[in-house]
Amino acid sequence: MQSNPIFNRYSFAGLGATLIGNGIGRFAYIALMPALIQAGWFRVEDATYLGAATLIGYIFGAPAANFLIRYFTVGQVIRVSMLVSSISYLGCAFQDAPLAWFYVLRTLAGVAGAMLMVLAPPVIVRMHSAKVKTRVSGVVFSGIGLGAMLSGTLIPLLIYHSVVSAWIGMGVVAFVTTVLTWNAWGATEPLSGSRSAPATFRNMSRPQGMTVLLILLAYTFNAIGYLPHTLFWVDYIVRELGMSFVSGGLYWATFGIGAAIGPVLTGFLGDHAGVRRSLLIAFSLKALGVSLPLISTHPLALFFSSLLVGIFTPGTVTLVSTYTLESVGYELHTKAWSAMTLSFAISQGVVGFIMAYYAAHLSSYYILFAVSACALVVSIACIFFTPPQQGSEPVSQSVS
């Protein structure tokens, strides 16, 4: 085992995968959206539907990942997904391209992002000791926040030059990250789904099955809980509240800072306070963050809303993934996590598309914040009713 089992080339490769798949592939578009509308690239309706197109693509990513690892190694699928996500941003730099071109690229970004989320975290966590699994998972998922933070700080600067430069800048960041982490994924080839016996849920006990079902439901409603912030937050600040685009970028960067540190914070919390208890705390504070715009639009309230939702957007993903691992063990983790990612994707895709439709017709985003806060209350209830004691603690394969 390495002298530092948490920060190593494999955990950083996992961080790079989530940075590209969601931090850039998904969340950078949120910072771009108001600029695309104001620069005349898209109408409000088209811009919101393009955001939803990524969510629809996310639905197909989980089953695509399960299909592809039958014929290719996990490392190969991850590498291709990184390239696709990078190309999706570079390809959007053509302003005169037809709208369908942008829909295809944003959908592909969603597919690639889901595949990276399904495959990369379980592989990396499996390569580490069980006693640091939550913290390693936190390092991996912190890439989501780093990508959001980068987009919140770089995009406002790049847009002053041109919208094209913003698309290209995000694509270059994703591509450079792909190159830097390329070799690390070769070590994941023995973990390919095509080279191991298929795992099955039939061996789970009834309490395990109930726990997994409740976690899945909590994660499904969690997908609704973060949608307004990750679809319309910058647009809400810039166009509804009348603030500057720089202010919108700063609040989004605050979200990104929170999201960058969130998985690490929740990882340490989970390893020391227990994953179930940590999830209850995380969902509660996330619900508070989503509700703050309903209470006040003071800059301080917007700051804490950005920070709390930022911390617990990837932070809850870290804890849910680890809670699932505790419940089913390593052999079923990828399969169970894939099912949860699919359920999450369907929930955010369907509800995100509905929200995108109504956002173009509503006079305010407030109703969407209220819906999401209620969804997170359901997530809290689901985790509350899971049994406190889990099945056997899995034995890990350590990094050597």
Side-chain angles (χ1 to χ4, degrees), residues 55 58 117 134 137-138 141 201 204-231 258-259 262-263 265-267 269-295 304-305 307-328 333 336-352 354-355 366-391:
L55 306 185
Y58 209 86
M117 286 290 286
T134 314
S137 184
F141 286 113
F201 291 126
M204 288 195 308
S205 66
R206 186 180 180 88
Q208 279 181 313
M210 181 59 65
T211 298
V212 170
L213 177 61
L214 287 170
I215 297 171
L216 184 145
L217 288 173
Y219 197 47
T220 300
F221 280 94
N222 176 53
I224 301 172
Y226 86 136
L227 279 174
H229 275 71
T230 57
L231 279 176
L265 291 177
T266 54
L269 181 65
D271 277 339
H272 290 87
V275 181
R276 178 178 178 272
R277 185 180 303 164
S278 299
L279 260 177
L280 289 171
I281 295 171
F283 279 135
S284 298
L285 291 176
K286 188 174 181 180
L288 173 62
V290 171
S291 302
L292 278 175
L294 301 172
I295 302 170
F304 279 109
S305 179
L307 187 64
L308 285 174
V309 180
I311 288 172
F312 295 109
T313 288
T316 52
V317 178
T318 301
L319 293 171
V320 167
S321 178
T322 307
Y323 201 24
T324 305
L325 172 61
E326 286 189 353
S327 301
V328 301
H333 186 210
W337 181 237
S338 176
M340 291 188 184
T341 301
L342 177 60
S343 180
F344 182 97
I346 293 172
S347 177
Q348 73 167 358
V350 172
V351 179
I354 294 171
M355 284 187 174
Y366 290 136
I367 185 64
L368 303 185
F369 291 120
V371 168
S372 293
C374 291
L376 287 168
V377 171
V378 177
S379 294
I380 296 168
C382 289
I383 299 300
F384 180 80
F385 286 109
T386 58
Q389 293 184 347
Q390 300 302 310

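Summarising the geometry of Ser278 relative to Gly274, their closest heavy-atom pair is OG-O, 2.7 Å, with the distance given to 0.1 Å. Shortest non-hydrogen contact noted between Met340 and Thr324 is SD-OG1, 3.2 Å. In terms of heavy atoms, Ser327 sits closest to Thr211 at OG-CG2, 3.5 Å. Nearest heavy atom pair, residue Gly225 against residue Ala375, reads N-CB, 4.2 Å. What you find for Leu319 and Ala282 is that their closest heavy atoms are CD1-CB, 4.0 Å.
Panel note: side chain Thr386, backbone Ile383; a donor-acceptor pair is recorded below 3.5 Å. Without hydrogens or angle criteria, Ser305 side chain to Pro293 main chain gives no donor-acceptor distance under 3.5 Å. A distance-only check finds a donor-acceptor pair linking the side chain of Arg276 to the backbone of Phe384 [under 3.5 Å]. A donor-acceptor pair is defined here as one N or O able to donate and one able to accept, closer than 3.5 Å; no such pair exists between the side chain of Trp337 and the backbone of Leu325.
The distance from the NE2 atom of His229 to the CG atom of Leu292 is 8.0 Å, given to the nearest 0.5 Å. In this structure, CZ on Phe141 lies 4.5 Å from CE on Met117, to the nearest 0.5 angstrom. Distance check: Met210 CE to Leu213 CG gives 6.0 Å after rounding to the nearest 0.5 Å. A distance of 8.5 Å separates CG of Leu214 from OH of Tyr323, quoted to the nearest 0.5 Å. Considering CG of Leu285 and CG of Leu376, their distance stands at 11.0 Å, rounded to 0.5 Å.
When the side-chain contact (heavy atoms from CB on, under 4.5 Å) test is applied to Val350, the partners found at least two apart in sequence or on another chain are Ile346, Ile354. Residues passing the side-chain contact (heavy atoms from CB on, under 4.5 Å) test with Ile311, sequence neighbours excluded: Ile261, Leu307. The ring-ring contact (aromatic ring centres under 6.0 Å, His included) check on Phe221 picks up nothing, with sequence neighbours excluded. Partners of Ala345 according to the side-chain contact (heavy atoms from CB on, under 4.5 Å) rule, which considers only residues two or more places apart in sequence or in another chain, are Tyr58, Ile59. With sequence neighbours left out, the side-chain hydrogen bond (donor to acceptor under 3.5 Å, both in side chains) criterion links Thr318 to no other residue.
In this structure, the side chains of Cys382 and Phe283 stay at 4.5 Å or more apart for every pair of heavy atoms. A 4.5 Å side-chain heavy-atom check between Tyr219 and Val317 finds at least one atom pair inside the cut-off. Residues Leu288 and Ser284 form no side-chain contact, since every pair of their non-hydrogen atoms from C-beta on lies 4.5 Å or further apart. Between Thr266 and Thr316 there is no side-chain heavy-atom pair separated by less than 4.5 Å. Side chains of Met355 and Ser372 form a contact here, defined as non-hydrogen atoms less than 4.5 Å apart.
Under the side-chain hydrogen bond (donor to acceptor under 3.5 Å, both in side chains) criterion, the residue pairs touching residues 339-352 are Arg26-Gln348, Thr220-Ser343, Tyr226-Gln348, with sequence neighbours excluded.
Only one option out of Val371, Leu368, Leu55 pairs with Leu227 in a side-chain contact (heavy atoms from CB on, under 4.5 Å); it is Leu55.
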